[in-house]
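Single-structure report; data block below.
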Number of protein chains: 2
Amino acid sequence: MLHAMPRSGQPQAFELVLAWVDAQILEGRLRVGDHLPAERELAATLDVSRAAVREAVRTLQAQGVVHSFVGAGPGGGTVLTSVPSRALSRLLRLHVALANFPLPDVIEVRIALERLSARLATVNALDEDLADARRALEVMRDPSIDRQAFNDADTEFHVALATAAGNRLASDLTAAIRESMRLPILDRFRHLRDWDEVVADLRSDHEAIFAAIVGRDADVAERLVEAHIRSAWQAITLADGGGAEHTRECADRP
Amino acid sequence: MLHAMPRSGQPQAFELVLAWVDAQILEGRLRVGDHLPAERELAATLDVSRAAVREAVRTLQAQGVVHSFVGAGPGGGTVLTSVPSRALSRLLRLHVALANFPLPDVIEVRIALERLSARLATVNALDEDLADARRALEVMRDPSIDRQAFNDADTEFHVALATAAGNRLASDLTAAIRESMRLPILDRFRHLRDWDEVVADLRSDHEAIFAAIVGRDADVAERLVEAHIRSAWQAITLADGGGAEHTRECADRP
DNA sequence: ACTCGCTAATGGTCTGACCATTTAGTGAGA
DNA sequence: TCTCACTAAATGGTCAGACCATTAGCGAGT
């Protein structure tokens, strides 16, 4: 049910390797921090070529399950990791770019997740957990900040709240969603006419959300987060000069 | 910021290919349904080996972005797809198995997502959109149903609601989360003592949720969904005979 | 006891070959 | 002219074997 089957019923060579690793993980023989057998050894064990093993490793790497290091001894080899956020980010980003996930859908999910995070942060977060969020607020207070830097600090604020909430899945998804929307948001930011007005609203939204969380008012925090995300999205979609509508997410990386 | 850098500053060969594909997608030159250049051709274009291209393709495949077909002509080649749900499922399943995402965290996110889906389904879903959910309800009404079949119908019910809600990201995430919890849930099901009582509760929960949705009462639907998920989780975690606690997700696939 | 250098093991990469599958064209036969 | 079988080409799938850069560990020499 899980893996795509090729034309015939035979699993592909790299799927054999994936199935082997799956089984090891499921049966608890492989845990985070453990080393996979060396590529040549695993290839010999499973009677496939080393190329097949490497393709499987790439698959696992794309899922954030392993990370490879060159060199001999304990420092080298392919190790089970626990960094799913990068993998989630890349996956979401690609599918948003392909329009498999329409942005309005993403926004709704983002609201649901950040409402959860706001509530959890209100209940669980200690003061030092909120240090990152506080720092992001400081950065956004700078009147001379440019649009990209503001957006990055904005992202950091929301991700910091999600992290402070202590729910790993929620925070990783939140980070992934923000990352997936980075280019579309920057594109709309660029076409904003009343930037100063928008950024003032965003600033006060953030301050109010933060105050509600440190004030331990979960209901208000939840409500403010939802209102903030909705109004911000509306501001950069409806109020733009119309230039963003037909602008395909154009690459601006150096 | 996105891709892991190897030891030195040089990007790895397969990352060159990924970057190229990324750029094509971002600039709109590659859309869903389009063919990637043939592996040999792409290798020549980017001046890397075919093995490197294949590793990149495996990465993209793991992200649900492409699917490969053997053979010449339009029927063959590697094609951009839009099936992120399998990729999401596998990613979540692995990380749940590795305990990178603790199950209680997953449950909280699931509640947030399904509350959203319930609300959206109440507002958006036409009657025919709910046919799958209705069919799953029928299946679960069978008194002689075994635990695995019940769980599969249960999953189908929740996923059908999410699909009827019309939010692709929410439904894909819901499906992925259910899939990632399948083995842990089945394991706990197996150790349940008062199965008949639990299943009766689940049945009535589902019927009530469905009634609230067709009755267009979003608030009630949301509330019922959250209560249902919480009570079901509590029933299979707290009320089990203690056997599930130390049972590592043991494989039961054929 | 310390240092230097060698060796082995690792992943990273490339080359070149062969296979199975599929399409498209081509030619022989009706 | 049409039809069918066959061939050729293009595709991904797989493998074997080589070489490289990096790293850890060991051992000889000081």
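Because the structure is a prediction, the values reported are computed rather than measured. Note on naming: letters A, B, ... go to the chains in the order of the sequence lines (proteins, then strands), and numbering restarts at 1 for each one. Heavy atoms only: backbone and side chains are in, while hydrogens, waters and symmetry mates are out.
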With sequence neighbours left out, what residues match [X] under side chain to side chain donor-acceptor pair (under 3.5 Å)?
X        : value
A:Glu108 : A:Arg230
A:Asp34  : none
B:Asp132 : B:Arg135
B:Thr78  : B:Ser68

**Q.** Pairs flagged by side chain to side chain donor-acceptor pair (under 3.5 Å) wherever residues 41-53 of chain B is involved - sequence neighbours left out
**A.** B:Glu39-B:Arg50

Q: Just jot down the ring pair (Phe, Tyr, Trp, His ring centres under 6.0 Å) partners of A:Phe101, sequence neighbours excluded, or say none.
A: A:His95

Q: List for me each residue that meets ring pair (Phe, Tyr, Trp, His ring centres under 6.0 Å) alongside A:Phe157, sequence neighbours excluded, and say none if there are none.
A: A:His206

Q) Quick one: ring-ring contact (aromatic ring centres under 6.0 Å, His included) pairs with a partner in residues 19-43 of chain A, sequence neighbours left out? A) none

Q: Output yes when at least one side-chain N/O atom of B:Ser68 is less than 4.0 Å from OP1 or OP2 of D:dT11, else no.
A: no

Q) In residues 33-43 of chain A, which ones come under 4.0 Å of DNA chain D, going by heavy atoms? A) A:Arg40

[atom1] of [X] versus [atom2] of [N]: gap in Å, rounded?
X       : N      : atom1 : atom2 : answer
A:Asp47 : D:dG13 : CG    : C1'   : 16 Å
A:Glu15 : D:dG12 : CD    : P     : 17 Å
B:Phe69 : C:dT22 : CZ    : P     : 11 Å
A:Phe14 : D:dT14 : CZ    : C1'   : 12 Å

Atom pairs under 3.5 Å: protein N/O with N/O of nucleotides 23-26 of chain C:
{"from": "C:dT23", "atom 1": "O4'", "to": "B:Ala72", "atom 2": "O", "distance (Å)": "3.4"}

Q | Step-by-step side-chain contact (heavy atoms from CB on, under 4.5 Å) determination, A:Ile177 to A:Val96 | A | CA-CA 9 Å; A:Ile177 286 180; A:Val96 166; over 6 Å; no

Q: Please identify each residue that fulfils salt bridge (charged side-chain N to carboxylate O under 4.0 Å, His left out) with A:Glu138, with sequence neighbours left out.
A: A:Arg141

Q.
Give the residues of residues 50-63 of chain A touching DNA chain C, defined as any heavy atom closer than 4.0 Å, sorted by residue number.
A. A:Arg50, A:Arg54, A:Arg58

